[in-house]
Amino acid sequence: MKKIFLFVAICFFMATSKAQVAKPILPGAYQMEKYIPILQNKRVGIFTNHTAVINGVHLLDTLLHRGIHIQKVFTPEHGLRGTADAGEKTNDGIDSKTGIQIISLYGKKYAPDSSDLADVDVLVFDIQDVGTRFYTYISSLQYLMEAAWAHKKPLLILDRPNPNGHYVDGPVLDKQFSSFVGKQTVPIVYGMTIGEYAKMLVGEKWIQDSFAIKAQHLPAEALAPLSLTIIPCKNYDHSAHFSFNIAPSPNLPDMNAIYHYATTCLVEGTIMSEGRGTTHAFSYIGHPSIPNKTFSFTPNARLGAMSSKLYGQLCYGWDLTKDNKIPKQIDLDLIIEMYQSFPTKDSFFIHTTGNTPRDYYFNKLAGNALLMEQIKAGVSATAIRASWQPGLKWFRGIRRKYLLYKDFE
C-alpha cells in the first residue's frame with residue numbers, strides 16, 4: 001500500500017512540476033535564426049512601432065546590432081514611439097536614435113509608394129496586435145501587403161500572439177461599412193494572429209483591392225503572387241492567454257483595457273466618454289448625465305489623448321478595472337445598459353453632419369447598421385447574439401483554413 005501511495009505521489013509531483021515549468025510563449029521576432037539569413041546583405045524596410053521588442057530591446061536596434069542594413073522604417077497610427085493621439089496624422093522624419101529615415105503610413109498616405117520602395121529589397125512587418133477588427137494595424141498590414149505585391153517586394157512577417165485570440169465574436173462586417181477601422185468581412189473579434197490574418201488576406205484574395213491594381217495599371221491576375229514569409233510564434237496556441245507589459249497604443253494602457261476593448265471601443269461611436277484622458281481609457285466609461293452611478297472620473301488632456309470627449313467634466317458610470325475576468329465574448333449587456341441609462345436617447349449615437357447609416361461612427365465600428373437599430377429597439381442581448389451566428393459560422397469555416405496554431409475549438 002505504501003508503494004502505491006509513493007508511486008501516486010511521485011506521479012503527482014512530476015505532473016505538477018511540468019505544469020510549473022511551462023515553456024514561455026515567444027513571438028516570431030525571437031526566432032532570429034529563421035529570418036536573419038533572409039535579411040543579410042539586403043536593404044530592409046521595416047513596418048513597426050514601439051511594441052516590436054526582443055528581450056526588452058527594440059527590433060530595429062537588434063537588427064542593426066546584427067549587421068542588418070535598415071534602409072527605412074515605416075510607421076502606423078500612433079507613430080514609431082506609440083505616443084501620437086488616436087487619429088492624429090503623423091509626419092515623415094528621422095529617428096533621433098539611429099538616424100534612419102521614418103516614413104509615416106498614417107498621414108498623407110496609408111501605403112508606401114514606388115519612390116518609398118525603390119531602394120528597398122525586402123519588407124519586414126512586426127507589430128503587436130490586439131485582435132479586434134477596428135484596431136487599425138490590420139488595415140495597415142493590408143495596405144503594406146498590397147504595396148509589396150504591386151512592387152514585387154518580398155514581405156516577412158514576424159508573428160506575435162493575439163491577446164484576444166482565444167475566441168471569435170461579434171457581427172461580421174458588411175462591406176457597405178468598410179473603412180480604415182474595418183476593411184474586411186470579419187467579425188469584431190476574429191481570433192487570429194497577424195500572420196494568420198495575412199494568410200487569409202492572400203488565400204481569400206482580399207488583397208486584390210484598388211492600390212495594388214492601380215499601382216501597376218494591370219488586372220490583379222497579371223501580378224506575380226506575393227512573396228510572403230511568416231516566422232511563427234513559439235509555444236503558442238489559441239487557448240493560451242498571452243499578456244505583455246508594453247501598452248500597444250496610448251489609450252490601451254494595460255491588459256484589462258485590451259481585454260475589454262472589443263466591447264468598449266464601440267463607446268467611441270456614442271456620446272459617452274470611453275475614458276480617454278484618464279489612466280484607464282477603455283476601462284472607465286461614463287457621462288455627466290448618467291444617474292444612479294456612484295463611480296466617477298474626470299477626463300483631461302494627457303499625452304496620447306490631447307483631445308476627446310467631455311474633458312474637464314465629472315462623468316459617472318462604469319469602472320471595468322474591477323472586472324479581472326478574461327472575456328470570451330463581447331459584453332452586449334453593458335452596451336445595452338449604457339444606452340438604457342442615458343436620459344436623452346436620441347443623442348446617444350453620435351454622427352457627422354449627415355444622417356445616413358454611414359454617418360454614424362458606431363456603425364463603422366460595429367460593421368453594420370443593424371446593431372445600433374437593435375439596441376434602440378430594445379432587442380435583448382441574447383437575440384442580438386443569435387443574429388450574429390450565421391455570419392460567425394461562415395467566418396469560422398474560412399478562418400480554420402489559415403490557422404498556424406492549435407485552435408481553441
Side-chain angles (χ1 to χ4, degrees), residues 47-49 51 74-80 82 84-92 103-113 116 125 127-150 164 170-190 192 194 197-198 200-201 204 206-215 248-252 261-262 264-270 274 276 281-282 304-305 307-308 350-354 356-369 371-372:
F47 188 100
T48 192
N49 67 3
T51 62
F74 300 99
T75 59
E77 184 177 10
H78 305 298
L80 179 61
D85 276 21
E88 178 186 349
K89 303 303 180 184
T90 52
N91 298 318
D92 298 348
I103 296 176
S104 170
L105 298 182
Y106 196 78
K108 297 178 181 178
K109 58 191 176 186
Y110 288 139
D113 56 31
D116 296 327
F125 183 102
I127 284 179
Q128 178 63 59
D129 186 34
V130 302
T132 59
R133 187 185 63 222
F134 29 62
Y135 201 61
T136 59
Y137 296 156
I138 57 171
S139 293
S140 294
L141 170 67
Q142 178 173 335
Y143 280 114
L144 187 72
M145 291 175 70
E146 290 172 355
W149 180 35
N164 285 305
V172 170
L173 179 132
D174 178 343
K175 269 292 192 177
Q176 295 180 67
F177 293 90
S178 179
S179 71
F180 198 64
V181 292
K183 290 182 67 64
Q184 296 299 343
T185 50
V186 302
I188 288 175
V189 184
Y190 46 84
M192 305 175 83
I194 281 283
Y197 189 87
M200 183 171 64
L201 290 177
E204 297 301 308
W206 288 348
I207 65 167
Q208 294 185 8
D209 282 349
S210 59
F211 180 82
I213 297 169
K214 288 179 180 178
S249 53
N251 294 294
L252 288 178
Y261 185 65
T264 56
C265 184
L266 293 169
V267 178
E268 288 190 306
T270 75
E274 64 277 359
R276 290 185 191 278
F282 295 103
S307 63
S308 192
I350 55 179
H351 58 87
T352 56
T353 52
T356 69
R358 274 193 64 87
D359 290 317
Y360 285 84
Y361 191 54
F362 184 91
N363 290 344
K364 289 184 179 180
L365 295 169
N368 64 30
L371 179 57
M372 184 176 76

For this session: Please report the shortest heavy-atom distance between Asn368 and Phe177, naming the atom on each side.
Result: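 The answer is CA-CD1, 3.7 Å.
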Exercise. Can you name the closest pair of heavy atoms from Asn251 and Ala305 and give their distance?
Worked result: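 The pair with the smallest heavy-atom distance is OD1-CB, 3.6 Å.
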Exercise. Strictly under 6.0 Å, is that where the ring centroids of Phe134 and Tyr261 end up?
Worked result: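 When the ring centroids of Phe134 and Tyr261 are compared, they turn out to be within the sub-6.0 Å range.
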For this session: Would you please test Leu252 and Phe282 for side chain to side chain contact (heavy atoms under 4.5 Å, CB included) and show each step?
Result: CA-CA 7 Å; Leu252 288 178; Phe282 295 103; 4.0 Å; yes
Exercise. Is the shortest heavy-atom distance from the side chain of Ile194 to the side chain of Ile127 under 4.5 Å?
Worked result: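 No - every pair of side-chain heavy atoms lies 4.5 Å or more apart.
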Exercise. How about Glu204 and Thr185: do any of their side-chain heavy atoms sit closer than 4.5 Å?
Worked result: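 The answer is no; the side chains never approach within 4.5 Å.
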Exercise. Any donor and acceptor pair, going by atom type alone, linking the side chain of Asn164 with main-chain N or O of Val130 inside 3.5 Å?
Worked result: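 Yes; at least one donor-acceptor contact below 3.5 Å.
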Exercise. Does the Thr270 side chain pair with the main chain of Val267, one donor and one acceptor, at a distance under 3.5 Å?
Worked result: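 Confirmed, Thr270 side chain pairs with Val267 backbone.
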Exercise. Given side chains that start at C-beta, do those of Pro76 and Asn49 come closer than 4.5 Å, heavy atoms only?
Worked result: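 Yes, close enough: below the 4.5 Å cut-off.
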Problem set entry | Separation between CD of Glu146 and CG of Leu141, rounded to the nearest 0.5 Å |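 Going from the CD atom of Glu146 to the CG atom of Leu141 covers 10.0 Å.
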Exercise. At their closest point, which heavy atom of Leu371 faces which heavy atom of Ala366, and how far apart are they?
Worked result: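 Scanning both residues completely, I find the closest heavy atoms to be CD2-CB, 3.9 Å.
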Problem set entry | Atom of Gly182, atom of Ser139 and distance for their closest heavy-atom approach |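 So the minimum-distance heavy-atom pair works out to N-OG, 4.4 Å.
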Exercise. How far does CD of Gln128 sit from OG1 of Thr48, to the nearest 0.5 angstrom?
Worked result: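 Result: 11.0 Å between the selected atoms.
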For this session: Could you pull out the closest heavy-atom pair between Phe180 and Thr136, with the gap in Å?
Result: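 Distance-wise, the nearest heavy atoms are CE2-CB, 3.5 Å.
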Problem set entry | Ser308 side chain near Glu274 side chain, heavy-atom distance below 4.5 Å |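 Ser308 vs Glu274: side chains touch.
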Exercise. Can Tyr143 and Lys183 be said to form a side chain to side chain contact (heavy atoms under 4.5 Å, CB included), step by step?
Worked result: CA-CA 10 Å; Tyr143 280 114; Lys183 290 182 67 64; 3.4 Å; yes
For this session: Begin from the C-alpha positions of His351 and Asn363 and carry the test side chain to side chain contact (heavy atoms under 4.5 Å, CB included) through to its verdict.
Result: CA-CA 10 Å; His351 58 87; Asn363 290 344; over 6 Å; no
For this session: For side chain to side chain donor-acceptor pair (under 3.5 Å), just list the numbers for Tyr137 and Ser249, CA-CA rounded to whole Å, side-chain angles, deciding distance to a tenth of an Å, and then say yes or no.
Result: CA-CA 11 Å; Tyr137 296 156; Ser249 53; 5.4 Å; no
Exercise. If you take all heavy atoms of Thr132 and Tyr190, which pair is closest and at what distance?
Worked result: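 Residues Thr132 and Tyr190, closest heavy atoms: C-CE2, 3.5 Å.
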Problem set entry | Inter-residue atom distance Ile188.CD1 - Leu365.CG, 0.5 Å rounding |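 One gets 8.0 Å once the value is rounded to the nearest 0.5 Å.
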Exercise. If you measure from CD1 on Ile103 to OG1 on Thr75, what distance do you get to the nearest 0.5 Å?
Worked result: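 Between atom CD1 of Ile103 and atom OG1 of Thr75 there are 9.0 Å.
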Exercise. Do Gln184 and Gln142 meet the criterion of a side-chain donor-acceptor pair at a distance under 3.5 Å?
Worked result: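 Note: Gln184 and Gln142 side chains meet the donor-acceptor criterion.
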Exercise. Does Met200 reach the side chain of Val186, with side-chain heavy atoms less than 4.5 Å apart?
Worked result: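 Sidechains of Val186 and Met200: in contact.
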Problem set entry | From Thr352 atom OG1 to Asp359 atom CG, the distance as rounded to the nearest 0.5 Å |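 One finds 3.5 Å between OG1 of Thr352 and CG of Asp359.
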For this session: For Phe362, check ring pair (Phe, Tyr, Trp, His ring centres under 6.0 Å) against everything at least two apart and list the hits.
Result: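 Applying ring pair (Phe, Tyr, Trp, His ring centres under 6.0 Å) to Phe362 gives Phe349.
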Exercise. Taking atom OG1 of Thr356 and atom CZ of Arg358, what is their separation to the nearest 0.5 Å?
Worked result: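 So the gap between those two atoms works out to 8.0 Å.
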